[in-house]
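Worksheet: one structure, shown below.
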Amino acid sequence: MESIVAPDCAMNAGLATAPGYAYDYPVNVHLDRRSRRLRATPAIRQLVQEIDLAPRQLIAPLFVREGGGPPVEIGSMPGVVRYSVADLVNECRQLAELGIPAVALFPVTDPAEKDPIGREALNPDCLVLRAVRAIKSAVPGLLVFTDLALDPYTTHGHDGLLTSDGTDVDNDATVEVLAQMAILHGRTGSDFVAPSDMMDGRVGAIRRTLDAADLSNVGILAYSAKFASAYYGPFREAVGSASAAGTRSLDKRTYQLNPSNRREAIQDALLDEAEGADILMVKPAGAYLDILSELRRATRLPLAAYQVSGEYAQIHAAARLGWLDYRKTRDESLIAIRRAGADMILTYFAKEIADELRT
Ligand code: PBG
């Protein structure tokens, strides 16, 4: 291809006369490709935008507590509250109107209801199941996802039953309880159960147990690549598992993934797929975009990402200090998660994003 370089082209002339510059050699700039043409105006930028963020891709995580009265704030998660069941239903109505298709529920169990084996998890009238009933009767079209794990119910704050010497979580005994929880949740109206415990074999056991109980319509969103992360701190404050355990940084490294391990994360996620998961999830999201992107290529299942409490908290904290622009940082964090390959995002920003996109 012939390239014609005009020695007196406007750009060269401009450079040569730029104030303060003196060149010893003539510089000839002629480009066959100019990327900036596609960035020149808002209209062309819109036309070539590859990824976007829409309410239909968002799942709102919501905290529910016992009793009535106004919503209770969570110190480390500005704008996120613990709702009474009645207020939760109200919130769900608004989310559905904003075009958000799903919510994920997290119960704040009264400390008096907690014990070392999390008995409350199998109470058919426990808080989260009362919430599911109330939401499904008031807003039937809204999908309800409920977590399967014991940490909201145990005094030690671990996601499962402890071994008899108390030094580890007992995998198989925990899986049995999770499968029983799945039946209760499915019968009560959860559309998807979401095992967040990282026990081995739980997706397969839950699938088979649901099917045997005539609940084959209930789906499984598997927390497939869930890392042992410091970003869960504010969540543990929100659900009270931190105060039960006496720490926000409970060590879950015998079941949650090592943040260093990419291959192991993909392997675990593919096991969940083989065991019958409908949707795979990566959690946290922002610090694990490489995992999302690799998993996107390794599976054809829909992918979810959980932008967790600490990711939310750090954006708020920096914005409060005036160090980052709140909206721009928030939007960039979410678009990055979409770009890495997430079809859907669990995010505490869900409602405000949906609200802003509408206007
Ligand atoms: C536990 C669970 C956790 C989150 C959701 N389910 C935290 C943990 O492993 O202790 C964290 C969510 C968040 O940080 O927003 N089953």
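FYI, the numbering just counts along the sequence from 1. Counting starts at 1 for both ligands and their atoms, following the listed order.
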Between the side chains of Thr163 and Asp168, is a donor N or O closer than 3.5 angstrom to an acceptor N or O? no
Gln307 touching ligand 1 at heavy-atom level, < 4.0 angstrom: no
Donor-acceptor pair between Ser76 and Glu237 side chains, under 3.5 angstrom: yes
So for ligand 1, is Tyr223 a polar contact partner (N or O within less than 3.5 Å, distance only)? no
Within reach of ligand 1, part of Asp147 (heavy-atom separation under 4.0 Å): side chain
Nearest non-hydrogen protein atom, atom 14 (O) of ligand 1: Ser309 OG, 2.7 Å
Suppose I only count heavy atoms of Lys283 and a 4.0 Å limit; which atoms of ligand 1 are within that range? 2 (C), 3 (C), 4 (C), 5 (C), 6 (N), 11 (C), 12 (C)
Using the ring of Tyr223 (Phe, Tyr or Trp, six-membered ring only), decide whether Lys226 places NZ or CZ under 6.0 Å from its centre and within 45 degrees of its axis. yes
Taking the six-membered ring for Trp, are Tyr83 and Phe63 closer than 6.0 Å centroid to centroid? no
Among protein heavy atoms, which sits nearest to atom 10 (O) of ligand 1, and what does the distance come to when rounded to 0.1 Å? Arg236 NE, 2.6 Å
Which ligand 1 atoms, with their elements, are less than 4.0 angstrom from a heavy-atom of Ser196? 1 (C), 6 (N), 16 (N)
Would you confirm whether Arg39, through its side chain, and Pro42, through its main-chain N or O, come within 3.5 Å as a donor-acceptor pair? no
Quick check: closest heavy atoms across Leu62 and Val103, and the distance to 0.1 Å? CD1-CG1, 3.7 Å
Could you tell me whether Asp159 approaches ligand 1 through its side chain, its backbone, both or neither, with non-hydrogen atoms closer than 4.0 Å? side chain
Ligand 1 contacted by Glu311 (non-hydrogen, < 4.0 Å): no
For Tyr232, counting its heavy atoms only, list the atoms of ligand 1 lying under 4.0 Å from any of them. 7 (C), 8 (C), 9 (O), 11 (C), 14 (O)
Relative to ligand 1, is Val308 under 4.0 angstrom through side chain, backbone, both or neither, heavy atoms considered? both
Lys283 NZ/CZ over Tyr232 ring centroid, <6.0 Å and within 45° of normal: yes
Part of Ala149 with heavy atoms under 4.0 Å of ligand 1, whether side chain, backbone, both or neither: side chain
Ligand 1 contact on Tyr348 by region, counting heavy-atom pairs under 4.0 Å: side chain
Looking at Asp159 and Gln256, what are the two nearest heavy atoms and their distance? OD2-NE2, 4.3 Å
Of Arg56, Arg338, Arg296, which meets salt bridge (charged side-chain N to carboxylate O under 4.0 Å, His left out) against Asp343? Arg296
Protein contact to atom 9 (O) of ligand 1 [nearest heavy atom, distance to 0.1 Å]: Gln256 NE2, 2.9 Å
